[in-house]
Amino acid sequence: MYVNKTLALSYLAGSEKIFNKLRLSFLDSYKNFNNDILSFYNSCKYEELYRYIHNIKGISLNLGSKQLYEDSVVLLEEFKKDVYNLSNIEKFLNTLNIVYKEL
């Protein structure tokens, strides 16, 4: 399980209403995440890729996904060093896919 609702609620003052609003917003905003991320990567749009993943990192703990947060941090640290390893991006995409399905 990649989504821990108890963790999410601890960040959201126990508010189910806020959690559900964030969940629905995330699902809508990132419904094309696989295509978006690979498009940024394939087009060498690394600044856009960085911002996209940074935004996901920012919401990941509020959605209760420590694993998604940690995978985001790893990628962002690599990007800061101008390292864009496709296998690590694919690992991130796998985690994101699982989180998306669990939500």
Side-chain angles (χ1 to χ4, degrees):
M1 179 175 260
Y2 282 64
V3 175
N4 179 334
K5 191 170 179 184
T6 302
L7 176 65
L9 293 174
S10 75
Y11 284 101
L12 302 171
S15 176
E16 293 264 350
K17 183 177 180 179
I18 294 172
F19 174 79
N20 287 325
K21 184 177 178 180
L22 284 173
R23 183 180 66 80
L24 293 174
S25 176
F26 179 84
L27 292 173
D28 185 54
S29 296
Y30 296 103
K31 62 185 167 226
N32 297 315
F33 67 85
N34 196 58
N35 290 336
D36 293 341
I37 289 172
L38 291 176
S39 176
F40 291 141
Y41 176 80
N42 290 329
S43 302
C44 299
K45 294 181 178 179
Y46 299 131
E47 287 183 33
E48 288 91 341
L49 180 60
Y50 183 93
R51 280 195 298 273
Y52 195 90
I53 292 173
H54 187 269
N55 289 339
I56 290 172
K57 181 191 89 161
I59 194 171
S60 60
L61 290 177
N62 289 332
L63 292 171
S65 182
K66 190 172 181 181
Q67 186 64 53
L68 184 59
Y69 175 83
E70 291 171 357
D71 288 358
S72 299
V73 168
V74 168
L75 269 187
L76 294 173
E77 287 302 314
E78 287 182 356
F79 293 174
K80 287 178 186 176
K81 299 172 187 171
D82 289 326
V83 174
Y84 302 93
N85 184 315
L86 184 57
S87 64
N88 290 341
I89 292 170
E90 289 171 341
K91 180 183 181 290
F92 172 82
L93 285 170
N94 183 58
T95 299
L96 182 53
N97 186 51
I98 293 167
V99 168
Y100 195 89
K101 287 179 181 177
E102 286 186 13
L103 289 171

> Which heavy atom in K57 sits nearest to a heavy atom in V73, and how many Å separate them?
Replying inline: CD-CG2, 3.8 Å
>> Considering only residues two or more places apart or on different chains, which pairs with a residue in residues 90-103 satisfy side-chain hydrogen bond (donor to acceptor under 3.5 Å, both in side chains)?
In response: D71-K91, D71-T95
>> Could you measure the distance from the OG atom of S29 to the CG atom of L22? Nearest 0.5 Å is fine.
In response: 10.0 Å
>> I'd like to know if the side chain of E78 pairs up with that of N88 as donor and acceptor (distance under 3.5 Å, no hydrogens or angles considered).
In response: yes
>> Counting C-beta onward and ignoring hydrogens, is there a side-chain heavy-atom pair between I37 and L96 closer than 4.5 Å?
In response: yes
> Is there a donor-acceptor pair under 3.5 Å between the side chain of S65 and the backbone N or O of V3?
Replying inline: no
>> Do N55 and Y50 make a side-chain contact, defined as non-hydrogen atoms from C-beta onward lying under 4.5 Å apart?
In response: no
>> Using 0.5 Å steps for rounding, measure from the CD atom of E70 to the OG atom of S72.
In response: 10.0 Å
> Residues two or more places apart in sequence or in another chain: which of them pass side-chain contact (heavy atoms from CB on, under 4.5 Å) with L38?
Replying inline: N34, N42, L86, L93
>> Restricting to non-hydrogen atoms, name the atom on I18 and the atom on S15 that form the minimum distance, rounded to 0.1 Å.
In response: N-OG, 3.1 Å
> Less than 4.5 Å apart, any side-chain heavy atom of I53 and any of L49?
Replying inline: yes
>> Heavy-atom count check: over 12 atoms from other residues, nucleotides or ligands less than 6.0 Å from Y84 OH?
In response: yes
> Any side-chain heavy atom of F19 within less than 4.5 Å of one from L103?
Replying inline: yes
> What's the shortest heavy-atom distance between A8 and G64, and which atoms?
Replying inline: CB-N, 3.5 Å
>> If we ignore hydrogens and angles and just use 3.5 Å, is the side chain of N4 paired with the main-chain N or O of L7 as donor and acceptor?
In response: yes
>> Any heavy-atom pair between the side chains of E16 and L9 that's under 4.5 Å?
In response: yes
> How many angstroms lie between OG in S60 and CZ in F26, if you round to the nearest 0.5 Å?
Replying inline: 8.0 Å
> Taking the six-membered ring for Trp, is the centroid-to-centroid distance between Y46 and F40 below 6.0 Å?
Replying inline: no
> Please walk me through it: do I89 and F79 pass side chain to side chain contact (heavy atoms under 4.5 Å, CB included)?
Replying inline: CA-CA 11 Å; I89 292 170; F79 293 174; 4.3 Å; yes
> Counting N and O atoms only, with roles assigned by atom type, does the side chain of S39 sit under 3.5 Å from a partner on the main chain of D36, one being a donor and the other an acceptor?
Replying inline: no
> Between CD1 of I98 and CD of Q67, what distance do you get to the nearest 0.5 Å?
Replying inline: 9.0 Å
> What distance do N62 atom CG and K21 atom NZ have between them, rounded to the nearest 0.5 Å?
Replying inline: 13.0 Å
> Hey, any chance F92 and L27 share a hydrophobic cluster, counting ILVMFWY side chains that come within less than 4.5 Å of each other, even indirectly?
Replying inline: yes
